[in-house]
Amino acid sequence: RSTIEVNGLRKRYGRTTALDGMSFTVGPGKVTGFVGPNGAGKSTTMRVVLGLDAADEGTALVSGRPYAALRRPMFHVGALLDAAAAQPSRTARNHLLWLAHSQGLGAGRVDEVIELVGLRSAARRRVGGFSLGMRQRLGIAAAMLGDPPVLMFDEPSNGLDPEGIVWMRGFLRSLAAEGRAVLVSSHLMSELQDTADHLVVVGRGRVVADTSVAGLIAAA
Ligand code: ADP
Ligand code: ADP
């Protein structure tokens with residue numbers, strides 16, 4: 001079963017408490033919006049789930065296992081954390097080919113993910129000349145290489161133009177329709193209220209509301 005389970009995460013950076021008992025579950029077949037002001041702990045949570053940062057306390061599981069226990073992680077979970085950090089002199093396609101190759105995937109899959117994120121016309125251009133929105137699409141293409149059932153996107157709409165934002169909404173909905181577990185962060189509720197099925201609202205390193213969007217509308 002495709003899930004992200006975060007339980008009682010605590011994390012401090014010096015005197016700053018980044019996570020203060022963060023707990024929630026992301027289930028399959030829906031988009032879960034991860035909403036809260038800047039500094040609320042969204043990125044830190046995602047980094048801990050991906051094993052890029054260690055928590056002081058608590059656990060984070062991807063489909064029931066710690067990230068470090070996943071065999072070939074890119075086939076289990078894909079993530080966009082910062083807009084793709086690719087070598088500026090590489091073309092988008094070469095960047096993806098290089099990532100794919102290290103995982104035993106070939107050019108066929110690379111061309112599929114390029115198509116998936118709408119980067120076909122830019123695929124042979126150097127990443128150094130890409131706008132933030134194009135780098136976001138490239139990062140999402142990289143996250144999709146392994147066709148993972150669990151996805152985490154940190155502020156994926158940053159830098160997208162209005163057309164890109166409409167595309168992103170449809171893209172996230174299609175991932176959920178395929179049964180994947182999708183966690184998407186934003187500091188703007190308005191960006192997620194029409195896209196997400198479920199909302200995990202956070203502030204100061206912990207969850208302040210955890211609700212289905214249908215429930216929220218019924219309560220209003
Ligand atoms: P969000 O993604 O919700 O904006 P973050 O997880 O980035 O929040 O940050 C949570 C808190 O942890 C903030 O106060 C931030 O300044 C702090 N923080 C995050 N990463 C670091 C780091 N590497 N070193 C020091 N403080 C950090
Ligand atoms: P290696 O095992 O050769 O170090 P990986 O591709 O497994 O290379 O990992 C490289 C870095 O990217 C690691 O820090 C890992 O935690 C991170 N990583 C691996 N898979 C993913 C993924 N699907 N999404 C985001 N980050 C990932």
Side-chain angles (χ1 to χ4, degrees), residues 1-9 19 22-36 40-53 55 58-82 99 103 105 109 112-113 116-117 136-137 139-158 167-187 189 191-202 206-216:
R1 200 171 125 89
S2 312
T3 55
I4 300 167
E5 295 161 274
V6 166
N7 200 353
L9 292 183
L19 301 179
M22 181 72 76
S23 300
F24 61 89
T25 298
V26 179
K30 55 190 172 183
V31 174
T32 298
F34 197 21
V35 193
K42 304 180 299 292
S43 302
T44 302
T45 300
M46 291 185 175
R47 292 177 60 79
V48 169
V49 172
L50 290 170
L52 298 169
D53 219 333
T59 55
L61 303 177
V62 174
S63 304
R65 292 187 196 186
Y67 184 87
L70 297 173
R71 236 185 101 249
R72 306 226 287 163
M74 83 167 346
F75 296 92
H76 294 279
V77 54
L80 171 76
L81 290 189
D82 301 305
L99 291 176
Q103 302 293 332
L105 296 169
R109 181 61 189 156
E112 278 173 21
V113 297
L116 190 65
V117 303
Q136 295 281 45
R137 288 182 192 244
I140 291 166
M144 294 304 298
L145 276 171
D147 198 14
V150 177
L151 290 151
M152 277 189 288
F153 299 132
D154 196 7
E155 303 269 358
S157 298
N158 273 359
W167 169 80
M168 177 65 66
R169 182 166 299 163
F171 176 67
L172 294 171
R173 294 305 322 154
S174 70
L175 295 178
E178 289 162 357
R180 300 181 214 248
V182 186
L183 180 67
V184 186
S185 79
S186 177
H187 59 287
M189 176 75 86
E191 242 173 39
L192 290 172
Q193 61 195 11
D194 299 332
T195 307
D197 302 288
H198 196 92
L199 290 173
V200 173
V201 183
V202 291
R206 59 197 309 166
V207 174
V208 297
D210 187 331
T211 180
S212 74
V213 173
L216 194 66

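Not measured: the values here are computed from a predicted model.
- Among residues two or more places apart in sequence or in another chain, the side-chain contact (heavy atoms from CB on, under 4.5 Å) test is passed with Arg1 by Thr3, Pro28.
- No side-chain heavy atom of Val26 sits less than 4.5 Å from a side-chain heavy atom of Met152.
- Remark: side-chain polar atoms of Glu191 are not paired, donor with acceptor, to backbone N or O of Val35 under 3.5 angstrom.
- Residues Arg173 and Val31 have side chains in contact (heavy-atom distance under 4.5 Å, counting atoms from C-beta outward).
- For the 3.5 Å distance criterion, the side chains of Asp154 and Ser185 qualify, holding a donor opposite an acceptor.
- Residues Met168 and Ile140 have side chains in contact (heavy-atom distance under 4.5 Å, counting atoms from C-beta outward).
- Atoms CE and CZ, from Met144 and Arg137 in turn, are 14.0 Å apart once rounded to the nearest 0.5 Å.
- With Lys42 contributing its side chain and Phe34 its backbone, the two residues share no donor-acceptor pair below 3.5 Å.
- Between the side chain of Ser23 and the backbone N or O of Gly8 there is at least one donor-acceptor pair closer than 3.5 Å.
- The side-chain contact (heavy atoms from CB on, under 4.5 Å) test with Val200 is passed by exactly one of Thr32, Thr211, Val6: Thr32.
- Here the straight-line distance linking atom CD1 of Ile4 with atom CZ of Phe24 works out to 7.0 Å at 0.5 Å rounding.
- Between Asp147 and Arg180, at least one side-chain nitrogen of the basic residue sits less than 4.0 Å from a carboxylate oxygen of the acidic one, meeting the salt-bridge criterion.
- To the nearest 0.5 Å, atoms NZ (Lys30) and NE2 (His198) are separated by 5.5 Å.
- Within the model, atoms CG of Asp82 and CG of Leu80 stand 8.0 Å from one another, a figure rounded to the nearest 0.5 Å.
- Nearest heavy-atom pair across Leu151 and Ala143 is CD2-O, 4.1 Å.
- Taking 4.5 Å as the limit, every side-chain heavy atom of Leu70 sits out of range of all side-chain heavy atoms of Phe75.
- At least one side-chain heavy atom of Val62 sits under 4.5 Å from a side-chain heavy atom of Val49.
- Residues Gly78 and Pro148 approach most closely at N-CG, 3.5 Å, considering heavy atoms.
- Distance alone, capped at 3.5 Å, places no donor-acceptor pair between the Arg109 side chain and the Gly146 backbone.
- Between Leu172 and Val184 the shortest side-chain heavy-atom distance falls below 4.5 Å.
- In this structure, the side chains of Leu81 and Leu52 come closer than 4.5 Å at one or more pairs of heavy atoms.
- For His76 (side chain) and Val150 (main-chain N/O), no donor-acceptor pair under 3.5 Å exists by modelled atom type.
- Gln103 is not listed as a side-chain neighbour of Leu145, based on a closest heavy-atom distance of 4.5 Å or more.
- Atom CE of Met46 and atom CG of Leu183 lie 4.0 Å apart (nearest 0.5 Å).
- Using a cutoff of 4.0 Å between basic side-chain nitrogens and carboxylate oxygens, Asp53 and Arg47 are scored as salt-bridged.
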Show the numbers, then the answer: is there a side chain to side chain contact (heavy atoms under 4.5 Å, CB included) between Val48 and Met22? CA-CA 11 Å; Val48 169; Met22 181 72 76; over 6 Å; no
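- Rounding to the nearest 0.5 Å places CG of Asn158 at 6.5 Å from NE2 of His187.
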